[in-house]
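If you're wondering where the values come from, they're calculated on a predicted model, not measured in any experiment.
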Amino acid sequence: MAEAVSETPSAEPGTAEPSRNETHDEEPDGRGAGHGRLLTALVVLSVTLVVSVLAGIALGPTVVPPADVVHFLWAALTGGGIGADEVTGYSIVWHVRTPRVLLASVVGAGLAVVGAVGTGSSTGGLVDPLRERGRAVRLLGVQPFGSVTFGSDGFSDPEAIIAGIGSSIPFDNVRHDLYDTLHWLDFRHAMAGAVGLLREHAVFAGLSTGAAHLVAGWEAARHPERVHVVIGADTGHRYTERVFARHQEALDPSVLKPHQITGLADLAPPWSVMAWERRSYDVRRSAAPARVPAPLAAPTAAPTATSAGISAALSTGVSADVSAAVSTAATNKEDRAS
């Protein structure tokens with residue numbers, strides 16, 4: 001049987017045969033150039049984002065120079081000091097405009113705002129101008145038991161000290177038809193949220209912020225497609241003895257969940273939630289006789305949500321037209337500060 005022999009032409013004497021690697025090096029694939037363009041685009045977008053954020057904070061009824069904006073932000077984030085003549089500018093930049101710009105940056109991501117109802121300015125006043133611009137923003141209000149604002153005045157919570165969000169006084173600037181969902185929490189659940197917020201994130205906040213944090217965690221577990229932004233209305237200093245000194249009594253937030261109701265007749269402590277569906281409500285009706293909550297039952301397990309999922313989107317881009325819309329809610333506050 002004849003053998004088939006293949007002959008490979010040999011290189012000429014004195015000539016080195018090109019290696020496989022050298023051959024491939026001569027074939028440009030454009031990948032290096034593509035990576036360079038991507039890096040350039042990322043740098044440009046990052047710079048644009050920073051400039052947009054600074055512009056959104058600097059511009060308004062009172063114009064704050066960009067250098068002052070950077071100075072105030074640095075002081076707020078690092079605990080640095082400011083001069084006595086800088087208090088007004090610092091308040092405008094850190095307390096009014098920075099939350100507004102961060103909120104505007106996540107509006108396009110299916111936003112849900114969670115916060116205490118208060119007098120109607122803290123949550124309703126923030127969401128209303130966004131909706132006027134056609135933005136789909138859900139509003140979740142937080143109330144204690146014993147407040148007339150959303151019909152829980154028939155209950156008495158002996159330990160409740162959530163000043164500012166529960167009142168026997170009807171506030172005429174509360175627009176009930178702005179709220180999509182209402183949560184009512186007792187003192188122990190608000191305490192669990194406040195202590196949990198301090199343990200998990202070293203955020204020293206009060207009971208209304210703690211209650212909102214607990215609500216946002218439960219809502220985020222049920223609706224992970226939405227970005228939940230918590231409006232922190234109070235610090236923890238006035239709750240040191242009544243709340244944080246009793247941290248060992250705090251319930252575990254991860255196992256708490258509300259009683260879901262369809263009407264105010266079913267409202268019951270320690271935690272109830274109702275789809276309010278932007279309905280109107282007359283707070284000037286006759287008050288129901290006070291009722292003391294029954295002893296707290298053993299908590300039942302509930303789905304948990306990472307806090308990172310609630311706040312991660314705060315680093316996204318800023319929409320200029322949304323920033324302009326939200327600024328209408330803060331104009332009066334800035335004018336008073338200036």
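Side-chain atoms of D157 come within 3.5 Å of backbone N or O of F187 as a donor-acceptor pair. Judged by distance alone, with hydrogens and angles left aside, the side-chain atoms of T98 form a donor-acceptor pair with the main-chain N or O of V93 at under 3.5 Å. T78 places a side-chain N or O within donor-acceptor distance of the main-chain N or O of W74, the cut-off being under 3.5 Å.
Between atom OG of residue S208 and atom CG of residue L185 there is a gap of 11.5 Å, rounded to the nearest 0.5 Å. Rounding to the nearest 0.5 Å gives a distance of 6.5 Å between CG of L182 and CD of Q143. From L197, atom CG reaches atom CD of E200 across 7.5 Å, with rounding to the nearest 0.5 Å.
In the hydrophobic clustering of this structure, V47 does not group with V70; members are Ile, Leu, Val, Met, Phe, Trp, Tyr whose side-chain heavy atoms approach within less than 4.5 Å, directly or through other members. The same ILVMFWY cluster, assembled from side-chain heavy atoms under 4.5 Å apart, contains both V50 and V53. Hydrophobic clustering places I261 together with Y281 (ILVMFWY residues linked when any side-chain heavy atoms are closer than 4.5 Å, directly or through intermediates).
Looking at heavy atoms from C-beta onward, F72 lies in side-chain contact with Y90 at the 4.5 angstrom threshold. Two residues are said to be in side-chain contact when any heavy atoms from C-beta on lie closer than 4.5 Å; V142 and V117 fail this criterion. The shortest distance between side-chain heavy atoms of W184 and P144 does not fall below 4.5 Å.
Look at D180 and R131 and you find a salt bridge, because one of the NZ, NE, NH1 or NH2 atoms lies within 4.0 Å of a carboxylate O, short of that distance. For the pair D177 and R175, the salt-bridge criterion is met [side-chain N within less than 4.0 Å of a carboxylate O].
With hydrogens and angles left out, the side-chain atoms of H189 and D186 include a donor and acceptor closer than 3.5 Å.
Listed here is the closest heavy atom pair of A268 and F145: O-CZ, 3.4 Å. Closest heavy-atom contact between A112 and L140: CB-CD1, 4.1 Å.
Ring orientation note: the planes of H183 and W271 are tilted relative to one another, at an angle of 30° to 60°.
Less than 6.0 angstrom separates the ring centroid of F204 from the ring centroid of H237.
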Go through the steps for L251 and R188 under the test side-chain contact (heavy atoms from CB on, under 4.5 Å), then give the verdict.
CA-CA 7 Å; L251 303 172; R188 295 189 66 188; 3.5 Å; yes

For the pair V215 and H228, evaluate side-chain contact (heavy atoms from CB on, under 4.5 Å) and give the outcome as yes or no after the intermediate values.
CA-CA 10 Å; V215 166; H228 291 77; over 6 Å; no

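A cation-pi arrangement is found for R279 relative to W276, the charged atom lying closer than 6.0 Å to the ring centre and inside a 45° cone about the ring normal.
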